[in-house]
Structures are given as C-alpha cells and as structure tokens.
Amino acid sequence: MNINDTASFLKQGIQEIVTEAELVKKLERRKKENKPLKVKLGIDVSGPYIHLGFAVVLRKLRQFQDLGHTAVLIVGDFTGKIGDPSGRSKTRPQLTDAEIKKDMEQYKAQIFKILLPEHTEFRFNSEWSDRLTSRDLIGLASKYTVARILEREDFAQRLQQGLPLYMHEILYPLFQGFDSVAVKADIELGGADQYWNLLVGRELQREFGQEPQVIITMPLLAGTDGKLKMSKSYNNYIGITEPPNEIYGKTMSIPDAMIVKYFQLATNYTDAEVKEVARRLKAGDNPKDMKSQLGKQIVKMYYSAEDAEAAAQEFERVFKHKATPTELEEFILKERKINIVELLVKTKLLPSKTEARRKIAEGAVYINDERPTDSNLEIIIDEPIILKVGKRKFLKIIPGY
RNA sequence: GGGCAGGUACCCAAGCGGCCAAAGGGGGCAGACUGUAAAUCUGCUGGCAUUUGCCUUCGGAGGUUCAAAUCCUUCCCUGCCCA
C-alpha cells in the first residue's frame with residue numbers, strides 16, 4: 001500500500017480529520033525514519049467499562065496498530081480528579097492508587113479484546129500534570145483565550161442559560177490538551193464530541209513549538225435508546241465484555257431505525273454490505289431478522305460464531321416462545337415456608353415490599369408460570385421453583401432448610 | 001460588599017399555610033399486543049403496615065402554628081445586575 005492508499009484507508013468511516021495533508025506528511029516521514037507514529041487516545045479512569053460506542057474509536061486505533069503505529073492511551077487520573085465539565089460539578093471521589101490499579105487491570109482485560117498489547121502504551125496524566133507549578137499553570141492558561149474556550153458549545157450554552165460554569169471546568173480542556181504536548185502526540189483520536197477538545201491539544205502543541213497533532217474523530221454511536229450517545233451514565237450501553245446473551249438481547253432492543261447505523265459503526269461490514277442491509281430493510285424484510293443478524297455479528301466479534309448462534313437461540317426460546325432460560329441463577333432459601341412478598345425482596349428481585357406488592361398486582365410476578373394475585377400468599381418450597389419478574393428476571397429457588 | 005431572582009422526589013418543573021407523598025413532562029418498571037428486550041396503547045413509579053394509619057422527603061439548622069414545601073430567623077449554594 002502506498003502512502004496515499006494508507007491515508008484513504010485510515011480515513012474510512014471517520015467523522016472528521018484535521019488535516020489529511022498533514023496525515024500524509026506524517027506517514028511519509030514515519031516511513032523514512034522507520035519510526036512508529038504516536039496515536040493518542042484519552043481514556044477515563046472512572047468508568048473502566050468499554051462499550052460499543054467507545055469501540056468505534058478503539059477499532060480505528062487498532063487499524064493504526066495494524067500498520068505498526070503505537071497507541072498511547074492517556075489515563076486521565078489527574079483530569080479525572082478535577083471533575084468533568086459535563087454539567088453538574090459534583091466533586092468526584094478521590095481514587096486511591098490501589099483502586100486505580102485495580103480498575104486498570106479490568107480495563108486492560110477489556111481493551112485488549114480490540115487493541116494489540118505490544119503496540120500499546122499506557123500513560124497516566126498525573127505523571128506530568130501533578131508537577132505543574134502555579135507558574136506553569138498560569139503560563140499554560142496564557143496560551144489560550146477565554147473567547148476560544150467559550151466557543152465550546154456546552155460552555156456557551158450554560159453561560160447563556162445562567163447555569164454555573166466553574167473555573168476548573170474551563171481549565172480542564174487545557175490540561176487535556178497539554179497531555180498531547182507531554183507525550184508529543186502525532187495523531188489524536190476521539191469521538192465526534194471530542195473534536196473541540198482535540199483541537200486544543202493541537203493549538204497548545206503549536207504554542208510549545210511542536211508539530212501539531214492530526215486529529216481524527218469518529219462518529220458517535222447512539223445507545224440502545226436510539227437517542228442519546230452510548231454512555232454508561234445514560235445506561236444505554238452494550239458492553240463488549242458483557243455475556244453473549246446480554247449483548248445479543250440488548251442489540252435486539254435498539255429501535256428499528258438504528259439498525260443500519262449499528263451495522264455501519266459497530267460491525268466490520270463493508271460499505272457494500274451495509275448498503276445491502278439497508279436495501280433489504282427497505283424491501284420489507286423483517287427488521288427483527290436484520291437485528292438478529294446484527295446481534296450475532298456483534299457477539300461474534302467479541303466471542304465466537306458459536307456463542308452468537310447460541311445467544312440467538314436462547315433469545316428465541318425465552319422471548320418468543322416464553323420458555324425459561326436454559327441456565328438460571330439459583331438462590332438457596334433457608335425457610336421452607338415464606339410469604340411471596342418477602343421472598344421477592346429477600347432474593348433482591350425487587351427493591352421493596354411495596355414495590356413487590358405493586359408488581360404482583362400488575363401481574364408481573366410468576367411462580368412456575370403461575371401468576372399469584374394475592375400478596376399474602378405463603379409459598380412452601382419443597383422442590384425448586386422458578387420465580388420470574390417481568391420478562392427478563394428469572395431466579396431458581398432451591399430449598400435449603 | 002449591595003440589590004434582585006432562585007435551590008422541590010432519578011432529571012426537568014408546578015405548588016407558596018391544611019384537600020401535599022406533593023400537578024405535568026422526561027426517564028425507569030410492568031401489562032396488553034407483536035416481529036424482539038422494536039413500535040403502539042395502558043398502568044405503576046418514597047418506605048413500612050394494610051380499612052381509616054405511621055415514618056422519611058421539597059438546600060441546612062432553628063422557630064411560629066392545632067397544622068409548614070408553603071410564614072419568620074439564620075446559615076450554605078446558584079444566577080443576574082451594581083461596586
């Protein structure tokens with residue numbers, strides 16, 4: 001592949017690049033010097049949980065690795081502690097080093113489902129940020145204007161709406177940008193919502209006399225609700241290390257209108273293949289089948305084809321034919337006789353007795369396929385019974401007295 | 001430092017002495033239906049007890065009152081204007 005082909009390959013599926021010419025230049029130089037490019041990606045310590053949305057960016061990063069470049073993952077342990085500029089300024093709990101270490105282990109287990117360990121470097125930004133003096137900080141702040149900071153949409157909006165905007169939030173992008181200076185990043189990747197932040201890094205590098213990084217943003221994947229971007233805090237995510245049944249099931253729960261987008265962003269389908277999916281949907285193919293194909297495809301990426309098939313079959317069993325799942329969680333009950341409401345709370349299927357009574361009245365509680373209507377029902381557990389709440393919560397109660 | 005407007009349940013937001021566990025919307029959960037955990041429609045959405053009941057919750061702490069989210073005092077927090 002020549003340099004231009006490489007560049008256009010790397011450009012596939014991206015949202016935006018600043019600038020392509022610079023990317024080509026960097027690729028050329030790297031080839032001449034035979035040195036890998038440093039591709040920076042910021043990650044957050046607080047939620048060590050990788051979902052399909054973030055995977056969009058990681059998979060792009062992987063392409064760089066496949067070409068021999070180095071992924072530099074910046075763990076935002078410093079910026080994480082000063083609070084996120086995304087609205088309310090609840091002070092984050094200070095993470096201890098031990099906690100961070102533990103989180104990182106979990107994180108690595110997930111991230112190397114996509115990235116290549118031998119081409120991945122981890123850097124903690126506290127390494128350099130903790131050492132900045134007040135003088136350094138003022139110096140850094142003097143390289144960027146308030147007006148430019150306020151270009152950022154959510155800052156501008158909050159000011160306009162009379163909502164609080166704190167000093168530390170304004171500084172946050174500077175620290176994040178300074179990370180690029182500290183590691184001398186050649187390229188920085190991020191989600192489309194990070195575009196502005198990445199530009200700050202570019203500017204600061206220029207100010208510090210470095211060649212500015214190329215920035216590449218990836219499209220945002222909407223969550224399972226089909227509206228907001230996929231995020232752990234919106235609880236609309238599909239985690240790449242979730243069990244196959246969960247990944248498949250959650251995929252089935254996306255709105256039909258999202259099917260094509262998901263094929264595009266969450267699978268390795270080529271443009272032609274995605275078009276074919278769109279065509280079939282338009283031609284009146286059952287969206288359910290397309291979603292099933294999508295779910296299987298995603299499970300296959302992070303597990304195997306067999307797991308994908310099994311997940312699909314299990315889904316049909318449980319939700320279409322309303323059978324009980326093949327594998328059930330078990331709960332050993334000490335009492336032989338117990339009130340239904342107490343049982344539901346004790347097993348944590350429901351959070352409170354009032355809620356349990358409500359759900360019984362709604363007909364959401366099943367005992368071995370029967371729906372009790374009386375909250376005073378006493379159950380005698382002589383043999384295992386299957387307790388079900390709603391469509392998805394199952395529990396096998398085993399006598400243990 | 002001064003003036004004004006605000007702080008209500010997971011979120012937004014009404015209420016401004018009793019009829020307030022607190023309207024409405026969002027979100028969440030459930031039921032029906034179905035092509036699925038899609039869509040749509042309907043119900044529920046503080047806890048405990050269960051006939052009326054009790055407890056916790058309207059920024060914090062005190063107070064007035066038979067009775068407070070609602071009135072008073074004070075403190076904390078946010079925004080706007082002035083300095």
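Numbers restart at 1 for each chain; the letters A, B, ... are given by sequence-line order, proteins then strands. Model, not experiment: these values are computed from the prediction. Values below: all heavy atoms of this structure, side chains included; hydrogens, waters and symmetry mates excluded.
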Using atom [atom1] of each nucleotide, how far apart are [N] and [M] to the nearest Å?
{"N": "B/U36", "M": "B/G31", "atom1": "P", "value": "16 Å"}
{"N": "B/C55", "M": "B/U74", "atom1": "C1'", "value": "28 Å"}
{"N": "B/G46", "M": "B/A21", "atom1": "P", "value": "13 Å"}
{"N": "B/A23", "M": "B/C71", "atom1": "C1'", "value": "23 Å"}
{"N": "B/A14", "M": "B/A68", "atom1": "P", "value": "24 Å"}
{"N": "B/A9", "M": "B/G62", "atom1": "C1'", "value": "24 Å"}
{"N": "B/C75", "M": "B/A67", "atom1": "C1'", "value": "26 Å"}
{"N": "B/C72", "M": "B/C4", "atom1": "P", "value": "14 Å"}

- Indicate for each nucleotide in nucleotides 24-31 of chain B, in 5' to 3' sequence, whether protein heavy atoms under 4.0 Å reach the base (B), only the sugar-phosphate (S), or nothing (-). ---S-BSS

- Query: Charged N to carboxylate O under 4.0 angstrom, A/R30 versus A/D186?
  - Reply: no

Under 3.5 Å on both distances, the Watson-Crick or G-U partner of [N]:
{"N": "B/C80", "result": "B/G3"}
{"N": "B/A14", "result": "none"}
{"N": "B/C71", "result": "B/G63"}

- Look at the side chain of A/Q110 and the backbone N and O of A/I50, then say whether any donor-acceptor pair between them is shorter than 3.5 Å. yes

- Task: For the pair A/H69 (side chain) and A/L37 (backbone), establish whether a donor and an acceptor sit closer than 3.5 Å, ignoring hydrogens and angles.
- Result: yes

Does the cation-pi check pass for [X] over [Y], that is, NZ or CZ under 6.0 Å from the six-membered ring centre and within 45° of its axis?
{"X": "A/K113", "Y": "A/Y303", "value": "yes"}
{"X": "A/K334", "Y": "A/Y401", "value": "no"}
{"X": "A/K108", "Y": "A/F122", "value": "yes"}

With a 4.0 Å cutoff (strictly under), does any side-chain N or O of [X] reach OP1 or OP2 of [N]?
{"X": "A/T224", "N": "B/A37", "answer": "no"}
{"X": "A/K291", "N": "B/U36", "answer": "no"}
{"X": "A/S253", "N": "B/A38", "answer": "no"}

- Provide, to the nearest angstrom, the distance between the CD atom belonging to A/E342 and the P atom belonging to B/A49. 8 Å

- Measure from CZ on A/F319 to C1' on B/A39 and round the result to the nearest Å. 17 Å

Residue [X], side-chain atoms from C-beta onward, closest of [options]:
{"X": "A/R357", "options": "B/U36, B/A49, B/U45", "result": "B/A49"}
{"X": "A/R358", "options": "B/U78, B/U45, B/C48", "result": "B/U45"}
{"X": "A/T354", "options": "B/U78, B/C48, B/U36", "result": "B/C48"}

- Item | A/F178/A/F208 aromatic ring centres below 6.0 Å | yes

- Item | Heavy-atom pair of closest approach, residues A/P173 and A/N197 | CB-OD1, 3.8 Å

- Scan A/P287 against the nucleic acid and name what it touches under 4.0 Å (heavy atoms): base, sugar-phosphate only, or nothing. base

- Query: Closest nucleotide of RNA chain B for A/G162 versus for A/K288: which of these residues is on the 5' side?
  - Reply: A/K288

